[in-house]
Asks: 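Submitted below is the structure of interest, expressed as structure tokens.
Along the sequence shown, residues are numbered consecutively beginning with 1. Remember, predicted model here, so these are calculated numbers, not experimental data. Counting starts at 1 for both ligands and their atoms, in listed order.
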Amino acid sequence: MGHLVAGREVSDFRSDTVTRPSPAMREAMARAEVGDDVFEDDPTVQALEDRAARLFGKEAGLFVPSGTMGNLVALMVHARAGEEVLVEERSHTYNNEAGGAAAVAHVLTRTLPSARGRLDPDDVRRACRPGNLHNPRTALLVVENTHNFWGGAVVPLEAARALFAVTREVGVALHLDGARIFNACAATGATPADWGATADTVTFCLSKGLGAPVGSVLLGPRAWIARARGARKMLGGGLRQVGVLAAAGLVALDEGPPALARDHAHARALARGVAEVPGAVVDVDACETNILFVRTRRGAASYGPIVEGLAARGVLAVALGALGIRFVTHRDVDAGDVERALAALRELIPAHGPAHGEVDR
Ligand code: TLP
């Protein structure tokens, strides 16, 4: 149960990025055959890129140090300066990538609302514009799946296909921010290739639920990936003996996917338990994967103190404004950690809220 943070044993629900490399990963890292990946002769990173590309039915892959860099490279290669990129309003690309779309890719982002991460194809069709003397051309749509700030919601395969049909029809590219696409696989039974067929290009993360210490893979057509390699270099993401990291990524592709159903069951158990705490607000049915937002009748002002109280009881989670307190399950939390979190929340959630108070959504 738990792991050590700053020398203290804690139940760490802050993110699925916090997982520690497994013994098999450390072993593979120690033994990794390496080269210099900027010279394109690191056999282990090539093995990872090839395997990931085959898995998703894409021509080529590119190892990138983070999901953020994968998405930024995708913006840079799909869109020219001044062109428009459509993003979902709660998307990670729009909200949590430090403004790189504007500051580095020089694109104009336009947000669209959605039903729990599921964009309406008609909204997308209406938003896409060919560009003229006055209007920017719409170059790209980014779809996030699973959707982080919609509580790990899965964008169903049919919905993803419908969006891709629209973007192809209007000549706009579609990039899938599949940071947690393996969670979508575990939740639906769809394969990586099924999701790969709903986008021109894909980023997926090795360092989230799959458990690797570092890394994401960007996938797409071979000529597009060659351009992405140049953009990655420009961002300082051309790494050298990176086979040491790719080796852990290969193990993550073996060990990670089968373990995700367990993470989802833990999130569900947490959701069910919290639903019984007086004053708590959770949507149990909306908990489809490994992310749960806990809100309270008291609202956002209570979240900071609850998070502090949790930390004092050895439970780490993150308050994300009106969205609530985010709990993310992963391979380094087990049923005992879920119990510990529940016990702490029972103590900390104020039982009463405003009689007819607003519940933050
Ligand atoms: N998400 C992190 C934080 O930045 C919020 C987390 O703890 O969930 N796409 C999605 C959908 C993500 O959730 C994240 C990371 C990224 C991209 C970026 O990945 P990294 O952290 O590798 O740059």
Side-chain angles (χ1 to χ4, degrees), residues 5 12-19 21 52 62-76 85 87-101 104-105 109 111 114 116-119 140-155 160 175-185 187 195 199 201-219 232 235-237 239 242 245-246 248-249 252 256 260 263 267 288-293 307 316-321 323-333:
V5 173
D12 195 348
F13 293 91
R14 288 172 301 171
S15 181
D16 46 9
T17 59
V18 302
T19 53
L62 186 72
F63 182 90
V64 281
S66 66
T68 300
M69 191 184 289
N71 289 339
L72 180 56
V73 165
L75 299 184
M76 290 166 72
V85 176
V87 287
E88 195 277 335
E89 62 188 2
R90 288 195 191 179
S91 65
H92 195 275
T93 300
Y94 184 67
N95 294 290
N96 270 60
E97 293 174 13
V104 184
T109 40
T111 57
S114 76
R116 304 192 68 246
R118 187 174 170 167
L119 293 157
L140 178 67
L141 168 71
V142 180
V143 174
E144 181 174 321
N145 205 3
T146 63
H147 200 299
N148 190 345
F149 299 134
W150 282 103
V154 178
V155 178
H175 177 68
L176 170 60
D177 175 1
R180 296 187 178 82
I181 197 66
F182 282 92
N183 295 87
C185 294
W195 300 111
T201 58
V202 181
T203 307
F204 78 91
C205 293
L206 297 158
S207 63
K208 298 200 167 60
L210 302 187
V214 180
S216 295
V217 184
L218 183 58
L219 302 161
R232 183 189 70 172
L235 297 175
L239 306 179
V242 69
L245 299 177
L260 295 175
D263 299 345
E288 297 173 75
T289 60
N290 69 328
I291 300 179
L292 177 70
F293 281 97
V307 165
L316 304 185
V318 181
L320 289 171
L323 291 179
I325 303 169
R326 191 183 71 157
F327 289 81
V328 186
T329 57
H330 50 78
R331 54 193 287 162
D332 287 3
V333 292

Asks: Does either side chain, that of Thr19 or that of His330, offer a donor lying less than 3.5 Å from an acceptor on the other one?
Replies: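 No, His330 and Thr19 have no side-chain donor paired with an acceptor closer than 3.5 Å.
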
Asks: Could you tell me whether the side chain of Leu176 reaches within less than 4.5 Å of the side chain of Thr201, counting heavy atoms only?
Replies: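 SC-SC contact between Thr201 and Leu176 ruled out.
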
Asks: Where the closest heavy atom to atom 6 (C) of ligand 1 is concerned, which of Lys208, Arg14, Arg326 has it?
Replies: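 Looking at heavy atoms only, Arg326 sits closest to atom 6 (C) of ligand 1.
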
Asks: Examine Thr17 against ligand 1 and note whether any of their N/O atoms are separated by less than 3.5 Å.
Replies: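 No; the residue has no nitrogen or oxygen that sits under 3.5 Å from a nitrogen or oxygen of the ligand.
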
Asks: Who's the nearest protein heavy-atom neighbour of atom 9 (N) of ligand 1, and how far?
Replies: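 Going atom by atom, the protein heavy atom closest to atom 9 (N) of ligand 1 ends up being Asp177 OD2, 2.7 Å.
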
Asks: May I ask whether His147 has any heavy atom positioned less than 4.0 angstrom from an atom of ligand 1?
Replies: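 In this structure, His147 fails to qualify as a contact of ligand 1 - no heavy atom is under 4.0 Å.
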
Asks: Out of all atoms in ligand 1, which are within 4.0 Å of some heavy atom of Asn96? Include the element for each.
Replies: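 Atoms satisfying the 4.0 Å criterion: 4 (O), 5 (C).
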
Asks: For the atom pair CZ (Arg90) and CG (Asn96), what is the distance rounded to the nearest 0.5 Å?
Replies: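 Nearest 0.5 Å value for the CZ-CG distance: 12.5 Å.
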
Asks: Does a donor on one side chain and an acceptor on the other come within less than 3.5 Å for His92 and Glu144?
Replies: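 Per modelled atom types, His92 and Glu144 side chains form no pair under 3.5 Å.
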
Asks: Can you name the one residue among Glu89, Glu88, Glu288 that meets salt bridge (charged side-chain N to carboxylate O under 4.0 Å, His left out) with Arg116?
Replies: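 Only one of Glu89, Glu88, Glu288 forms a salt bridge (charged side-chain N to carboxylate O under 4.0 Å, His left out) with Arg116, namely Glu288.
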
Asks: Return the option from Glu144, Met69, Glu97 holding the heavy atom at the smallest distance from atom 11 (C) of ligand 1.
Replies: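 It is Glu144 that holds the nearest heavy atom.
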
Asks: Between Thr203 and Asn71, does any side-chain donor sit less than 3.5 Å from a side-chain acceptor?
Replies: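 Distance-only check passes for Thr203 and Asn71.
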
Asks: Nearest protein heavy-atom contact for atom 14 (C) of ligand 1: which residue, which atom, what distance?
Replies: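 Among all protein heavy atoms, the one nearest atom 14 (C) of ligand 1 is His92 NE2, 3.2 Å.
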
Asks: From Leu206 CG over to Phe63 CZ, what is the distance, rounded to the nearest 0.5 angstrom?
Replies: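 Nearest 0.5 Å value for the CG-CZ distance: 6.5 Å.
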
Asks: Quiz question: by atom type and distance under 3.5 Å, do the side chains of Arg180 and Asn145 form a donor-acceptor pair?
Replies: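 Distance-only check fails for Arg180 and Asn145.
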
Asks: What protein heavy atom is closest to atom 22 (O) of ligand 1, reported as residue, atom name and distance in Å?
Replies: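 The protein heavy atom lying closest is Gly67 N, 2.8 Å.
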
Asks: For Thr68, which part has a heavy atom under 4.0 Å from ligand 1: side chain, backbone, both, or neither?
Replies: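 Under 4.0 Å from ligand 1, Thr68 contributes backbone and side-chain atoms.
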
Asks: Side chains of Asp16 and Thr329: closer than 4.5 Å at any heavy-atom pair?
Replies: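 When only atoms from C-beta onward are counted, Thr329 and Asp16 do not touch, as no gap falls below 4.5 Å.
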
Asks: Could you tell me if the side chain of Asp332 sits less than 4.5 Å from the side chain of Asp12, heavy atoms only?
Replies: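 Side chain of Asp12 against side chain of Asp332, heavy atoms only: no contact under 4.5 Å found.
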
Asks: Only heavy atoms of Ser66, strictly under 4.0 Å: list the atoms of ligand 1 that pass.
Replies: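 Once the distances to Ser66 are compared, the set is 22 (O), 23 (O).
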
Asks: Could you tell me whether Asn71 approaches ligand 1 through its side chain, its backbone, both or neither, with non-hydrogen atoms closer than 4.0 Å?
Replies: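 Side chain only; the backbone of Asn71 stays clear of ligand 1.
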
Asks: For Ala179, which part has a heavy atom under 4.0 Å from ligand 1: side chain, backbone, both, or neither?
Replies: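 Side chain only; the backbone of Ala179 stays clear of ligand 1.
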
Asks: Return the closest protein heavy atom for atom 7 (O) of ligand 1 as residue, atom name and distance.
Replies: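 That would be Ser15 OG, 2.7 Å.
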
Asks: Examine Ser207 against ligand 1 and note whether any of their N/O atoms are separated by less than 3.5 Å.
Replies: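 Min N/O separation from ligand 1 is not below 3.5 Å for Ser207.
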
Asks: Only heavy atoms of Arg180, strictly under 4.0 Å: list the atoms of ligand 1 that pass.
Replies: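 Here the atoms of ligand 1 in question are 6 (C), 8 (O), 12 (C), 13 (O).
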
